[in-house]
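Let me begin by presenting the structure, written as structure tokens, before commenting on it.
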Amino acid sequence: MTSKSGTGLPACQSVLPQPSSLPRSLLRARWPVLFGSLRLQLTAWYLAFFSVLFLLFCLLLYGTLARALERRLDEKLASEAATAAALMREELDEMGGDGPRAALDVLSEMQPAATVIAILEQTKVLAASSPIPGPELRAQAAQFLLAPSADAVWAMPRWGRNGARAAARQFTRAGRAYIAVAVEPLDSIVQQLRVFRDALWFTLPPLLALAGLGGYLLTRRGLAPLGAMVEQSRKITGESLNTRLEVGAAAEELSALAVSFNELLSRLDQSFESMRRFVQDASHEIRTPLAVIRGEADVALANERSAAEYKESLAVIQEESRRLSRLVDDLLNLARADAGHLQLQVRQLYLNDLLADCCRSLQPLATARNIHLECCPAEDLAVEGDEELLRRMLWNLIDNAIRYTPSGGRVSAAIEVDGPEVRIRIADTGVGISPEAAGRVFERFYRVDQARSRQHKPETLSGGFGLGLSIVKWIAEAHHAAVELTSRPGAGSTFTVRLPRA
Ligand code: ADP
């Protein structure tokens, strides 16, 4: 068995990913050298979001204010036009229809300040309180005369520097159409809006600075438990894997992170512990046959011996080295299975033939121990699996059943088909296993009683190390099968392997 590690990669091959082959998320994570800190990143996002929100709010407020000011001006102009029309009606009645004089009287009576009042007869301007752009007003009046309504409001963009708004009321007297118009430039509205705009511009920078500072302080406060967790996790080493992060009163997401980190630590701790135990047990098991080999060799070499004595020593050394190499093979297989490197050689096989083969090869052992071995392999039963591994599994179970059954006992090996499942049942009338031990017999290196294992398996190659049933378990699991044990101390044990047929 040669390990591929260390030789699998050509010496010149680089194992580091090239920048161009880096995943996008990693590249994205690299760009913000300035914003490497999550705190600054969150603050920047918060500030950007707040700025957009504030800008939208300002635009909305500005639009609403501009519309409200315009509406108020329109209402004022409409009321002034209505007053001028009412006065004009009265003056016309008093002056017997003299339009120009009546219009002048109306203007002197009203004395408008910012508003310009103009009285028109048809499209002819009779009088105006200030100079007005006559052609524009006459064009509007001509249009208005055609409209069915008595009132109108319109914009006059070419009036003055900022344009103006106008409102008009029309009426007829003695078959003549008169229009009273009130016009006011938008200068004061523009002025008010400018003041408002300036106020916004001046408050924006300090407001954003405050928002940024607030965001920074908030994220610092929110992420403080994360910093504490980093500090704690830095102190955890291979020797202190039983340390756990304090979950405390951190925010939900951070406590979830701490909890899952703690769970990861527990799993690591468990696998470190089982690795440590495995290494300890394995070295312990390897030490015993090595001590026997060395002792035997020391004794043989200490004095001149006869050829028969040398032969005897070499036989002991041979036996122990065989046991040792079988143990090392088993350990390697288990380690490779754990690492997922063991490839199953799956093919179709007849389970009944396999069981019959195992019974045949173990029959001499059963006979030697005066055990009645009964094999009921049933009819032809094709399943998919790794023949060598399944043979090893059946062999281990029957071998155990024979070895842990006293002379005169019975061992039976049978196969049953139950729907989509095949059950392989190995039963004996042996020493049995106590309920406490039954929960642990599948663990590596576990033996109910070390002395008893060696006593029952003195000559077997793999026996006595407490690895047989753990090998059975991983072979079963590799075939998506389960192994069950029912046992009564003193009455015997039954191991059942439930194997899916497909
Ligand atoms: P070992 O090689 O030491 O027998 P195994 O993993 O095969 O290791 O078995 C683990 C323990 O389970 C053994 O020490 C033995 O005591 C017990 N055991 C296994 N099979 C049987 C059985 N059929 N009857 C009674 N005890 C058993």
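Both ligands and their constituent atoms are indexed starting at 1 by order of listing. Fair warning: this is a prediction, and the values are worked out from it, not measured in the lab. FYI, side chains are in, hydrogens and waters are out, and symmetry mates aren't considered; it's all heavy atoms of this structure.
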Note to self: Determine whether a donor-acceptor pair (N or O, by modelled atom type, separation under 3.5 Å) exists between the side chain of D428 and the backbone of G492.
What the structure shows: no
Notebook entry, point to check: Is the backbone of D418 close enough, under 3.5 Å, to the side chain of E421 for a donor and an acceptor to pair up by distance?
Noted result: no
Give the atom numbers and elements of ligand 1 that come within less than 4.0 Å of a heavy atom of [X].
X    : answer
G466 : 1 (P), 2 (O), 3 (O), 6 (O), 8 (O)
R447 : 3 (O), 14 (O)
A401 : 23 (N)
F465 : 2 (O), 3 (O)
L467 : 6 (O), 8 (O)
F495 : 20 (N), 23 (N)
G432 : 25 (C)
Y446 : 10 (C), 11 (C)

Margin query: Applying salt bridge (charged side-chain N to carboxylate O under 4.0 Å, His left out), can you list everything that pairs with R161, at least two apart in sequence or on another chain?
Written below: none
Do [X] and [Y] get their side chains close enough for a donor-acceptor pair, meaning under 3.5 Å?
X    : Y    : result
Q191 : R194 : yes
N162 : D187 : yes
E484 : T496 : no
R425 : S412 : no

Notebook entry, point to check: Applying a 4.0 Å heavy-atom criterion (strictly less than), which segment of V448 is in contact with ligand 1: side chain, backbone, both, or neither?
Noted result: both
Margin query: Residue-level breakdown please: for V431 versus ligand 1, do any non-hydrogen atoms fall below 4.0 Å on the side chain, on the backbone, on both, or on neither?
Written below: side chain
Check: Do ligand 1 and Y404 have nitrogen or oxygen atoms that lie under 3.5 Å from each other?
Finding: yes
Check: Is there a nitrogen or oxygen of G468 sitting under 3.5 Å from a nitrogen or oxygen of ligand 1?
Finding: yes
Checklist line | G430 to ligand 1, any heavy atom closer than 4.0 Å | finding: no
Notebook entry, point to check: Which of parallel (below 30°), tilted (30 to 60°) and perpendicular (above 60°) describes F54 and F57?
Noted result: tilted
Checklist line | From V411, L397, V441 - option closest to atom 12 (O) of ligand 1 by heavy atom | finding: V441
Next item on the list: Give a yes or no on whether the ring-centroid distance for F278 and F445 is below 6.0 angstrom.
Entry: yes
